[in-house]
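Okay, so here's the structure we're looking at.
Ligands are counted one by one from 1 in listed order, and the atoms in each one are counted from 1 as well. If you read the sequence from its start, that first residue is 1, and numbering goes on from there.
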Amino acid sequence: VSSPDTQHAEARQPVLGLLGGTGEQGSGLALRFAASGLDVVVGSRDPGRAAAAAADLSATLAAVPGAGRVSGADNGSCARQSDVVVVAVPWAAHEHTLRDLAGELAGRVVVDCVNPLGFDKRGAYALEVPQGSAAQQAAELLPQSRVVAAFHHVSAVLLRDTDLPAVHCDVLVLGEDREATDLVAALADRIPGMRGVFGGRLRNARQVEALTANLISVNRRYKTHAGVGITGV
Ligand SMILES: NC(=O)c1ccc[n+]([C@@H]2O[C@H](COP(=O)([O-])OP(=O)(O)OC[C@H]3O[C@@H](n4cnc5c(N)ncnc54)[C@H](OP(=O)(O)O)[C@@H]3O)[C@@H](O)[C@H]2O)c1
């Protein structure tokens, strides 16, 4: 699937949008991708909230040479303005957000980092998803988009820590479309310390999303922000 926008994106840097970009993960990814030189659109249900978040990020990035432009928009305009759109809303909002934006997301590479998790007294646990995973649900809801799963294990706390020059971790990148998974792996590579590693097709996204529950257990026991590293590559 390709729109005039994505065809142009091959000749220029992609514009990166973030649905729910006002939140922890979205704003952390926005900060790092803008710092890497990409133009970023922070999406929100509320354009005022998006504009405020974009202004905060722009202020933080003022001292970063070569940083991209950060703007804010409602989630629909964010999708329309972007070539690559990261879904960074809570699992409870995943289905309705994507159903409502299917038209705006047509022709885009949609990057899903959503972890369907539940929490109780014993900690985090993986939820059952009828389609198998959040990423497969996205693919079902967005037949005209290229859905890629990535950034599930990247800590928002580390992304947002401006004292940290690098975020050391590997990012498993899953999807059906080689060009799209290569593009998203290359996006991960733009962030210092981070590396994109192809992790298979979307039918194997379930355990990647679920692994986040294990990382949360690691975090609680060791008081850290754990990520994953793949050996042998
Ligand atoms: N936090 C992490 O370390 C981390 C790491 C990896 C992956 N993730 C995944 O990233 C996603 C976002 O996590 P987060 O911690 O950033 O969450 P969050 O801060 O709670 O929420 C992100 C944004 O989603 C929007 N949102 C909230 N409720 C919504 C609803 N009912 N409908 C539509 N939009 C809604 C809000 O933006 P507006 O109010 O501005 O619309 C909010 O700022 C999750 O699915 C999570 O599994 C998180």
- Could you tell me whether Glu24 and ligand 1 have an N or O pair separated by under 3.5 Å? yes
- Task: Kindly confirm or rule out an N or O of Ser44 lying under 3.5 angstrom from an N or O of ligand 1.
- Result: yes
- Identify the closest protein heavy atom to atom 46 (C) of ligand 1: which residue and atom is it, and at what distance? Asn115 N, 4.2 Å
- Taking all heavy atoms of Ala126 and all of Leu117, pick out the closest pair and write down the distance. CA-CD2, 4.0 Å
- For Leu19, does its backbone N or O pair with a side-chain atom of Asn75 as donor and acceptor, under 3.5 Å? no
- Message: Could you tell me, atom by atom, which parts of ligand 1 come under 4.0 Å of a heavy atom of Trp91?
- Response: 45 (O)
- Task: For ligand 1, indicate whether the residue Asn75 contacts it via side chain, backbone, both or neither (heavy-atom separation under 4.0 Å).
- Result: neither
- Message: I'd like to know if Arg12 and Asp39 make a salt bridge, using a cut-off of under 4.0 Å between side-chain N and carboxylate O.
- Response: no
- Tell me, which protein residue and heavy-atom name are nearest atom 13 (O) of ligand 1, and how many Å apart are they? Gln25 CB, 4.1 Å
- Item | Which residue and heavy atom of the protein sit nearest atom 9 (C) of ligand 1, plus the separation | Cys113 O, 3.4 Å
- Message: Checking the N or O distance criterion of under 3.5 Å, is ligand 1 in contact with Ser155?
- Response: no
- Query: Do the non-hydrogen side-chain atoms of Ser27 and Val42 ever get within less than 4.5 Å of each other?
  - Reply: no
- Less than 3.5 Å between some nitrogen or oxygen of Arg45 and one of ligand 1, yes or no? yes
- Task: List the closest protein heavy-atom neighbour of atom 45 (O) of ligand 1: residue, atom name, distance to the nearest 0.1 Å.
- Result: Val89 O, 2.7 Å
- Message: Pairs of nitrogen or oxygen atoms closer than 3.5 Å, one from Ala93 and one from ligand 1: do any exist?
- Response: no
- Can you sort out which atoms of ligand 1 are near His152, meaning under 4.0 Å from one of its heavy atoms? 6 (C), 7 (C)
- Item | Flag, side chain of Gln25 to backbone of Val154, donor-acceptor distance under 3.5 Å | yes
- Note on the structure: Nearest heavy atom to atom 25 (C) of ligand 1, choosing from Gly23, Ala156, Pro90, belongs to Pro90
- Task: Kindly indicate whether the side chain of Arg32, heavy atoms from C-beta on, has any atom under 4.5 Å from the side chain of Met194.
- Result: no
- May I ask whether Val129 and Val147 are part of the same hydrophobic cluster, defined by side-chain heavy atoms of I, L, V, M, F, W, Y residues being less than 4.5 angstrom apart, directly or through others? yes
- Compute the minimum heavy-atom distance from Glu209 to ligand 1 and say whether it is under 4.0 Å. no
- Message: Please check if the number of heavy atoms outside Tyr222 that lie under 6.0 Å from its OH is greater than 12.
- Response: no
- Distance-only N or O hit between ligand 1 and Thr22, under 3.5 Å: yes
- Restricting to heavy atoms, the pick from Pro47, Ala88, Ala92 nearest atom 12 (C) of ligand 1 would be Ala88
- Message: Test your reading of the model: is there a side-chain donor-acceptor pair from Asn115 to the backbone of His152, 3.5 Å cut-off?
- Response: yes
- Note on the structure: Here the atoms of ligand 1 under 4.0 Å from any heavy atom belonging to Gly20 are 22 (C), 23 (C), 24 (O)
- Query: Would you say Leu158 and Leu18 are hydrophobically clustered, going by side-chain heavy atoms of ILVMFWY under 4.5 Å?
  - Reply: yes
- Query: Can you find an N/O atom of His153 closer than 3.5 Å to an N/O atom of ligand 1?
  - Reply: no
- Query: With atoms numbered from 1 as shown, which atoms in ligand 1 lie under 4.0 angstrom from a non-hydrogen atom of Thr97?
  - Reply: 33 (C)
- Query: Is there a path from Leu164 to Leu215 through hydrophobic residues (I, L, V, M, F, W, Y) whose side chains come within less than 4.5 Å of each other?
  - Reply: no
- Message: Whether the side chain of Arg108 engages the backbone of Val85 through a donor-acceptor N/O pair (distance < 3.5 Å, no angle test) should be reported.
- Response: no
